[in-house]
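All remarks here apply to the structure that follows.
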Amino acid sequence: MAKITVKDTEVNVIKVNSEDYICLTDMLRAKDGDFFITDWLRNRNTLEFIGIWEKVYNPDFNYGEFATIRNQSGLNSFKISVKEFVARTNAISLQAKAGRYGGTYAHKDIAFEFAMWISPEFKVYIVKEFQRLKAVEQQALGWSAKRELSKINYRIHTDAIKQNLIPIEVTNAQANIIYANEADVLNVAMFGMTAKQWREANPDLKGNIRDYASVNELICLSNMESLNAVFIEQGLPQSERLIKLNQIAIHQMSVLESGDNDRKLLK
């Protein structure tokens with residue numbers, strides 16, 4: 001679940017079957033006067049839009065039952081709840097949820113139309129905030145992907161250490177010292193400090209130095225892990241590998257952080 005703030009109104013956003021649904025109950029607080037979601041749902045234009053959307057995206061939509069509901073929409077006595085509408089038509093555009101984050105949710109396409117019913121200004125701002133949320137999520141996804149790539153390459157790195165640097169018949173504790181020592185070769189080459197030095201300089205932060213790396217730093221680190229594995233297999237001494245890796249880190253970071261527009265997409 002995520003939250004966006006639209007004109008001082010906090011609005012929940014959830015995932016339903018990998019699709020974004022926005023809380024209409026939250027959005028309704030921004031509308032002046034006493035209104036209910038049923039007031040919006042009984043509107044013929046609302047029903048027409050939902051019906052078309054469902055026809056396009058929902059093969060199980062009960063269009064016959066929907067037609068009956070739509071034909072009643074002009075009557076003063078007509079009123080229908082979201083739960084009843086979903087139950088009768090098998091609609092997927094609306095969701096009525098109970099519990100801590102309960103309320104009426106709508107697929108973002110429908111929610112944006114609901115925002116227009118609140119006010120044109122509100123619709124403009126909610127679309128803007130939703131797009132900002134998606135940009136933040138995409139950036140986080142990119143960081144996570146690069147972090148996972150770094151972890152995969154680190155396994156390649158540790159395998160090279162195991163095959164070439166760890167003698168037979170050592171204890172796990174002794175092996176871990178060698179692994180940590182080689183990890184610090186990368187840390188010093190990339191960040192200019194060991195893991196211990198970083199922890200001492202940042203006692204209030206959780207995790208490790210790599211958890212706070214930028215996307216570009218993770219890309220560079222991932223490349224260095226692969227290269228260090230090759231250098232280890234070639235039998236290069238640690239001091240020589242550290243110098244080479246540091247030079248590589250400086251060069252790659254200068255390229256990734258340059259002003260080229262295509263490279264900026266990596267940030």
Side-chain angles (χ1 to χ4, degrees), residues 1-54 56-58 61 69 73 79-147 204-207 211-215 265 267:
M1 190 201 73
K3 291 181 183 289
I4 55 178
T5 302
V6 187
K7 301 291 290 179
D8 299 322
T9 300
E10 196 172 73
V11 180
N12 286 321
V13 181
I14 63 172
K15 288 284 187 183
V16 178
N17 298 324
S18 300
E19 293 287 332
D20 291 301
Y21 279 66
I22 302 175
C23 186
L24 304 188
T25 307
D26 293 340
M27 293 167 63
L28 189 62
R29 295 199 301 270
K31 189 170 179 63
D32 294 330
D34 294 327
F35 292 95
F36 302 94
I37 294 172
T38 51
D39 296 327
W40 167 75
L41 189 57
R42 67 184 295 189
N43 183 281
R44 189 176 186 87
N45 289 333
T46 297
L47 290 172
E48 289 283 0
F49 182 81
I50 292 175
I52 293 171
W53 189 95
E54 293 283 352
V56 172
Y57 294 104
N58 182 9
F61 187 58
I69 295 172
S73 61
K79 190 174 185 179
I80 189 167
S81 68
V82 170
K83 285 185 178 180
E84 182 185 353
F85 180 81
V86 171
R88 289 175 60 179
T89 64
N90 200 32
I92 61 172
S93 57
L94 299 170
Q95 298 270 330
K97 293 189 171 292
R100 182 180 178 184
Y101 301 111
T104 297
Y105 288 79
H107 187 278
K108 67 179 187 301
D109 297 345
I110 308 301
F112 291 154
E113 292 302 307
F114 183 78
M116 186 67 179
W117 180 69
I118 293 175
S119 76
E121 182 185 26
F122 190 82
K123 180 177 181 179
V124 170
Y125 279 103
I126 197 168
V127 170
K128 180 175 182 290
E129 283 303 305
F130 182 80
Q131 290 173 336
R132 183 196 60 76
L133 172 66
K134 293 294 103 180
V136 170
E137 288 180 353
Q138 189 62 37
Q139 186 179 37
L141 181 63
W143 187 93
S144 297
K146 298 303 183 296
R147 186 71 173 100
D204 297 328
L205 295 181
K206 296 181 179 180
D211 292 325
Y212 296 89
S214 68
V215 171
L265 294 176
K267 295 185 178 179

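- Closest non-hydrogen pair, F85 versus A91, comes out as CE2-CB, 3.8 Å.
- Rounded to the nearest 0.5 angstrom, M27 CE and W40 CH2 are separated by 8.5 Å.
- Judged purely by atom type and a 3.5 angstrom limit, N58 uses its side chain to pair as donor or acceptor with the backbone of N90.
- Proximity of a side-chain donor or acceptor of E19 to a complementary backbone N or O of H107 within less than 3.5 Å is not detected.
- Annotation for Y212 and K206: closest pair OH-O, 2.6 Å, computed over non-hydrogen atoms.
- Put simply, the side chain of T38 does not reach to within 4.5 Å of the side chain of I80, judged on heavy atoms.
- With hydrogens and angles disregarded, a donor-acceptor distance shorter than 3.5 Å links the side chain of R29 to the backbone of E10.
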Please table the atom pairs, donor to acceptor, closer than 3.5 Å between any side-chain atom in residues 124-133 and protein atoms at least two apart or in another chain.
from : atom 1 : to   : atom 2 : distance (Å)
E129 : OE1    : R132 : NE     : 3.0
E129 : OE1    : R132 : NH2    : 3.4

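- Summarising the geometry, atom CG belonging to D109 is positioned 12.5 Å from atom CD1 belonging to I52; distances are rounded to the nearest 0.5 Å.
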Solution key, residues 115-122 side-chain donor-acceptor pairs under 3.5 Å, sequence neighbours excluded:
from : atom 1 : to   : atom 2 : distance (Å)
S119 : OG     : F122 : N      : 2.9
E121 : OE2    : K7   : NZ     : 3.2

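- Contact between A96 and V82 at its shortest, heavy atoms only, is CB-CG1, 4.2 Å.
- We find the CD-OH distance between Q95 and Y21 to be 5.5 Å, quoted to the nearest 0.5 Å.
- Rounded to the nearest 0.5 Å, atoms CD (E84) and CD1 (I69) are 6.5 Å apart.
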Exercise. Could you go through the side chain to side chain contact (heavy atoms under 4.5 Å, CB included) check for L47 and L41 one step at a time?
Key: CA-CA 7 Å; L47 290 172; L41 189 57; 4.1 Å; yes
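- Counting only heavy atoms from C-beta outward, the side chains of E54 and T89 never approach each other to under 4.5 Å.
- Between W53 atom CH2 and L94 atom CG the span is 9.0 Å, to the nearest 0.5 Å.
- The pair D26-K3 fails the salt-bridge criterion, with no side-chain N (NZ, NE, NH1 or NH2) lying under 4.0 Å from an Asp/Glu carboxylate O.
- Closest of all the heavy-atom pairs between R44 and S73 is NH1-OG, 3.1 Å.
- Residue F114 forms a side-chain contact (heavy atoms from CB on, under 4.5 Å) with just one option from T104, I22, L24, and that option is L24.
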Quiz item: Please walk me through it: do K97 and I14 pass side chain to side chain contact (heavy atoms under 4.5 Å, CB included)?
Solution: CA-CA 11 Å; K97 293 189 171 292; I14 63 172; 3.4 Å; yes
